[in-house]
Amino acid sequence: MQHGSLWQWLDARVGLAEVEQLAQKKEVPVHRHTVWYYVGGMTLFLFLVQVTTGMLLLFYYRPSAEEAYESVQFLMTAVQFGWLIRSLHAWAANVMIFMVFVHLFSTLLLKAYRPPRELTWCTGVVLLGVSLAFGFTGYLLPWNTLAYFATRVGTAIVAVLPVVGPFMLRLLRGGQEVTGATLTRFFAIHVAILPLLTFLCLVLHLFLVQKHGMSVPRGVEQRGGTTRTMPFVPHFLLRDLIGWLSALAVLAVLAAFFPTELGQKADPFAPAPAGIKPEWYFMFMFQTLKYLPSHILGLEGDIVGILGFGVAGLFLLLVPFLDRRAARGQSSSVFTLIGLAMVIYMLLLTYLGYTMSPTQ
Ligand code: HEM
């Protein structure tokens, strides 16, 4: 390709030709599951929306129990387009977490974690944990009634764990109760620790994706349908771009027609409002804990539930190492069934969480 003098100047100093070669080499396999390759890129785009809107929110937000609510109120009412930025941040957070789940289950069901992509998967599971932690910590920041009490319930759950429970509670809350100290902690976690963790994991995740190229599902490989590919630059990237612009349009519509509410300022001395519910992505866990009997095999039901979710998380992390059949290139319907069972379980319990009355 013919390049101008600026390009040549930069190439001599930073090696643009190598980047260009890399971009030209990248190919995306074309088959009936190609659509799932767009989900990771969409998640990445939504994460960038979060970083951008989050930084803008920081211009006005104040992380203390005395000022947090008022600073958000000011942003929503007096700052030009402040309501839009806040609503975009809240909506994109929800859509991003939804996309992370879609990405996880699509790579699980297509067995994209087979060797040599085990670590791509593991860094992905950490990114899922980090995304959920972003949601949990961000929710408290406006310091409104709902967020305050949801955080009280959410942090109280870890306290039931034997040995480490009381310590974890104090670590999270910065004391025994949810106070301004909790808010300061959640703020630090939300704007410093989690972004750094995400950045590190994401760099590794994307490096590994780049190194190994896109995986081709076993079924497609067997049918000999792997030969067709599409250049990443510009064909796939332009399709990605259409998706991102459409996502931005959808987010703008959601933010404009359903702006995020602020509610009442949190009052730690007021009684908890009835029917406190967590964010939708925690609902299946919350609802599971409700259904567990008070004692299971001599242990408290909640403890069994929380340990159960811990084991499930560990299982998810280790899937590439447990699914030996997939690693050998054989079909592994057990893991397909486990994946499907997880999706159905999560959907069902989320549905029950929203339809059952608070006492059930
Ligand atoms: C912030 C969250 C995440 C971002 C931004 C992200 C981003 C991406 C991108 C851009 C790709 C390449 C395109 C694609 O395959 O869709 C990818 C691939 C991949 N991701 Fe993620 N990801 C995230 C979370 C996860 C999670 C939670 C998992 C699963 C536990 C995961 C597992 C994988 C795997 C196995 C691949 C390789 C797919 C293949 O080669 O076919 N990722 N990711």
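Counting starts at 1 for both ligands and their atoms, following the listed order. Positions are given from 1 along the sequence.
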Within the 4.0 Å heavy-atom cut-off, what His212 brings close to ligand 1 is neither

May I ask you to decide whether Glu70 forms a salt bridge with Arg62, counting only side-chain N to carboxylate O separations under 4.0 Å?
no

If we number the atoms of ligand 1 from 1 as shown, the ones under 4.0 Å from a heavy atom of Ala112 are 38 (C), 39 (C), 41 (O)

Under 2.8 Å from atom 21 (Fe) of ligand 1, which protein N/O/S atoms are there?
His103 NE2, His205 NE2

Where ligand 1 meets Leu206 - atom numbers and elements under 4.0 angstrom, heavy-atom basis:
9 (C), 10 (C)

Both conditions, 6.0 Å and 45 degrees, for the charged tip of Arg117 above the ring of Trp121: are they met here?
no

Give the atoms of ligand 1, by number and element, whose distance to some non-hydrogen atom of Ser215 is under 4.0 Å.
39 (C), 40 (O), 41 (O)

Please confirm whether Tyr113 comes within less than 3.5 Å of ligand 1 when only nitrogen or oxygen atoms on both sides are compared.
no

Distance to 0.1 Å, residue and atom name: give those for the protein heavy atom nearest to atom 13 (C) of ligand 1.
Tyr37 O, 3.4 Å

Only heavy atoms of Leu202, strictly under 4.0 Å: list the atoms of ligand 1 that pass.
4 (C), 5 (C)

Is atom CZ of Phe167 surrounded by more than 12 heavy atoms (other residues, nucleotides or ligands) closer than 6.0 Å?
no

For ligand 1, is any non-hydrogen atom under 4.0 Å from Val130's backbone (N, CA, C, O), its side chain (CB onward), both, or neither?
neither

At a 4.0 Å threshold, what atoms of ligand 1 neighbour a non-hydrogen atom of Gly41?
10 (C)

Where's the contact between Phe47 and ligand 1, heavy-atom distance under 4.0 Å: side chain, backbone, both or neither?
neither

For ligand 1, is Trp36 a contact, meaning one of its heavy atoms is under 4.0 Å away?
yes

Counting from 1, what ligand 1 atoms have a heavy atom of Val125 closer than 4.0 Å?
30 (C)

